[in-house]
Chemist: 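So that we are looking at the same thing, I have put the structure below in structure tokens.
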Amino acid sequence: MGNTDILISGGGIAGPALAHWLHAAGFTVTVVERAPAPRPGGQTVDLRGAGRTVISRMGLMERARELSLDQKGIATVDAAGRITSRLPADAFGGEGIVSEIEILRGDLAGLLYEDTAPYTEYLFDDTVTALAQDADGVTVDFERAGTRRYAAVIGADGMHSVVRGLAFGPESQCVRPLDLYLAWFTAETELDLDGWYLMHNAPGGLVASVRPGRLPGEVKAGFGFRSGPLEFDRRDTAAQQELVARRFAGVGWETPRLLDAMRRSTDFHLDSLGQVHLDTWSRGRVALLGDAGHCPSPLTGLGTSLALVGAYVLAGEAAAAGGDLAAAFRRYDRVMRPYVTKAQELPPGGAGGFAPNSALAIRLRTMSMRSMNRWPMRQLLAAQFAKAGDIALPEYGLPAAR
């Protein structure tokens with residue numbers, strides 16, 4: 001099969017999942033990750049549809065269920081904290097807005113890291129700085145690890161992918177902004193959520209939310225707001241928090257308490273939302289996986305499914321191609337493209353449905369939430385949620401790597 005050394009940039013979910021399947025297919029894998037260690041915590045991600053099937057084929061479903069959160073569903077609340085609508089987690093067969101299996105991003109990434117660490121080289125606190133391709137492979141320059149040679153490089157490093165920037169061009173040519181920003185953080189504050197993911201909308205396209213964490217006394221909070229392009233220093237957390245605090249000044253419900261907890265948090269993260277659209281996910285011996293290649297945005301709830309399924313398909317096609325990686329990348333694109341195209345279709349209302357601008361629009365959104373389990377809304381939403389499983393997963397015959 002020739003050179004079997006593969007570099008994956010990104011140690012979140014997509015990268016380690018790909019490492020698992022590439023090892024099963026006979027490849028030698030290195031993962032480079034900018035963070036100094038596996039990132040703990042984070043917000044929740046869904047295991048649904050075909051993504052759930054892939055986790056099962058990896059032999060990790062039992063452990064994933066042990067790590068999953070106990071959540072009753074999603075509910076909207078008014079400024080006084082009164083529940084205005086609910087959608088339980090068992091709606092739509094456990095594949096609704098809050099799915100049957102919700103797991104903290106860091107817990108899922110940690111599970112995948114523990115699974116792959118025995119047979120994968122991890123380069124933490126490092127990143128790719130240059131790529132040079134030729135007919136036989138890719139020469140890679142690292143910030144810390146010097147220069148190395150690989151048969152192929154896979155960018156699984158998120159919406160702001162370094163690998164994509166080096167091989168495909170600037171982010172402005174690849175990402176379509178949704179004019180929506182989200183801040184996430186862990187809050188150590190006593191809130192009686194009774195197991196529900198609570199969301200409060202305020203005029204101006206503002207969303208405050210909080211959901212159960214896995215540890216006692218810990219909740220996962222978020223602030224979302226609509227805005228055109230914003231310039232901010234990604235290294236200046238205090239300035240980012242002040243930006244969010246100004247936006248949410250005077251908002252009711254538990255917002256003041258959450259803003260106070262935000263300033264004390266140790267895992268605050270602010271980012272814009274967008275979708276990555278590319279005509280191809282490979283350039284020569286460089287390919288993209290997950291959010292780096294086709295981020296659907298958190299509004300769809302399908303990013304984790306695309307990452308897990310894409311990892312399985314990419315590795316499976318690499319194994320089936322017998323080392324012809326160019327052919328494998330073409331097959332990966334053909335198998336995944338219809339699934340990705342549907343997954344990138346935003347739910348009804350898009351950013352406006354998530355963060356309505358006016359009080360009237362908020363009331364209308366609340367009414368639609370109340371009717372989600374009734375005709376005709378149920379049929380519309382069922383089609384949206386069904387996208388997670390809308391792919392016939394090939395049987396590549398790869399064993400669950402151990």
Side-chain angles (χ1 to χ4, degrees), residues 3-20 22-23 27-42 105-106 109-110 112-114 116-134 136-175 231-240 266-272 274 276 278 281-293 295 307 311 314 325:
N3 186 356
T4 62
D5 293 337
I6 305 291
L7 174 68
I8 302 170
S9 177
I13 292 173
L18 179 61
H20 172 106
L22 283 176
H23 173 74
F27 291 89
T28 302
V29 183
T30 298
V31 176
V32 60
E33 166 56 45
R34 172 78 282 182
R39 297 178 181 179
R105 181 192 179 280
L112 295 170
Y113 169 71
E114 291 171 6
T116 56
Y119 50 78
T120 303
E121 179 187 20
Y122 277 87
L123 303 176
F124 287 105
D125 197 22
D126 206 348
T127 189
V128 175
T129 59
L131 301 170
Q133 297 192 57
D134 55 45
D136 299 318
V138 188
T139 300
V140 180
D141 290 343
F142 295 91
E143 187 175 270
R144 296 177 180 270
T147 300
R148 298 191 185 187
R149 182 80 172 164
Y150 297 94
V153 174
I154 311 299
D157 43 356
M159 190 176 75
H160 306 297
S161 169
V162 170
V163 168
R164 191 188 62 224
L166 292 171
F168 287 73
E171 186 168 306
S172 59
Q173 297 178 7
C174 305
V175 178
E231 295 290 338
F232 58 87
D233 187 345
R234 294 186 180 277
R235 297 165 297 181
D236 192 340
T237 299
Q240 294 174 39
T266 59
D267 62 350
F268 175 89
H269 180 75
L270 173 66
D271 204 354
S272 58
V276 176
L278 297 169
W281 298 320
S282 64
R283 292 278 176 89
R285 289 178 172 268
V286 178
L288 301 175
L289 173 67
D291 281 356
C295 175
L314 179 52
L325 294 174

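Just so it is clear, the values below take in all heavy atoms, side chains as well, and ignore hydrogens, waters and symmetry mates.
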Chemist: Please list, chain by chain and in numerical order, all residues satisfying ring-ring contact (aromatic ring centres under 6.0 Å, His included) with Phe268, sequence neighbours excluded.
Modeler: none
Chemist: May I ask you to decide whether Asp5 forms a salt bridge with Arg149, counting only side-chain N to carboxylate O separations under 4.0 Å?
Modeler: no
Chemist: What pair of heavy atoms forms the shortest contact from Leu278 to Cys174, and how long is it?
Modeler: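 For Leu278 versus Cys174, the nearest heavy atoms are CD2-SG, 3.7 Å.
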Chemist: Please name the pair of heavy atoms, one in Val31 and one in Gly10, separated by the smallest distance, quoted to 0.1 Å.
Modeler: CG1-O, 3.5 Å
Chemist: Any non-hydrogen side-chain atom of Leu166 less than 4.5 Å from a side-chain atom of Val128?
Modeler: yes
Chemist: With side chains defined as the heavy atoms from C-beta onward, is the minimum distance between Thr120 and His23 less than 4.5 Å?
Modeler: no
Chemist: Could you tell me whether a side-chain N or O of Gln240 sits under 3.5 Å from a main-chain N or O of Asp233, the two making a donor and an acceptor?
Modeler: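 Yes.
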Chemist: Output the distance between atom CD1 (Ile13) and atom CG (Leu18), rounded to the nearest 0.5 Å.
Modeler: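 Result: 13.5 Å between the selected atoms.
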Chemist: Of all the heavy-atom pairs spanning Thr116 and Tyr122, show the shortest one and how long it is.
Modeler: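 Residues Thr116 and Tyr122, closest heavy atoms: OG1-OH, 2.6 Å.
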Chemist: If I compare all heavy atoms of Ala167 with all of Leu131, which pair ends up nearest, and what's the gap?
Modeler: CB-CD1, 4.4 Å
Chemist: Got a second to check how far Ser282's OG is from Ile154's CD1, nearest 0.5 Å?
Modeler: 9.0 Å
Chemist: Would you indicate whether the side-chain heavy atoms of Ser272 and Met159 approach each other to under 4.5 Å?
Modeler: yes
Chemist: Ignoring hydrogens and angles, tell me if any N or O in the side chain of Gln133 forms a donor-acceptor pair with the backbone of Arg283 under 3.5 Å.
Modeler: yes
Chemist: Can you tell me how far apart NE2 (His20) and CG (Leu112) are? Round to the nearest 0.5 Å.
Modeler: 9.0 Å
Chemist: Between Arg285 and Asp134 (salt bridge meaning N to carboxylate O under 4.0 Å), is one present in this structure?
Modeler: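 No, this pair does not count.
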Chemist: Looking only at heavy atoms, what is the nearest atom pair of Val138 and Ala152, with distance?
Modeler: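 Shortest heavy-atom separation between Val138 and Ala152 comes out as CG2-CA, 4.3 Å.
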Chemist: Mind listing the closest non-hydrogen atom pair of Ala19 and Ile8 along with its distance?
Modeler: N-CD1, 3.7 Å
Chemist: Please confirm whether the backbone N or O of Gly293 pairs with a side-chain atom of Arg164, one donor and one acceptor, at under 3.5 Å?
Modeler: no
Chemist: For the OG1 atom of Thr30 and the CD1 atom of Ile6, what is their distance to the nearest 0.5 Å?
Modeler: 9.5 Å
Chemist: What I want to check is whether the side chains of Asp271 and His160 have a donor and an acceptor closer together than 3.5 Å.
Modeler: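 Yes, side-chain donor-acceptor contact under 3.5 Å.
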Chemist: Which one of Thr147, Thr129, Leu123, Thr127 satisfies the side chain to side chain contact (heavy atoms under 4.5 Å, CB included) criterion with Phe142?
Modeler: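 Between Phe142 and the candidates, side chain to side chain contact (heavy atoms under 4.5 Å, CB included) is satisfied uniquely by Leu123.
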Chemist: Less than 6.0 angstrom separating the ring centers of Phe124 and Tyr113, yes or no?
Modeler: yes
Chemist: Roughly how far, to the nearest 0.5 Å, is the CG atom of Leu22 from the OG1 atom of Thr4?
Modeler: 10.0 Å
Chemist: State the OH-CG distance between Tyr150 and Leu7, to the nearest 0.5 angstrom.
Modeler: 5.0 Å
Chemist: Say whether, by atom type as modelled, one donor and one acceptor occur between the side chain of Asp126 and the main chain of Ala145 under 3.5 angstrom.
Modeler: yes
Chemist: Between Glu33 (side chain) and Gly11 (backbone), is there a donor-acceptor pair under 3.5 Å?
Modeler: yes
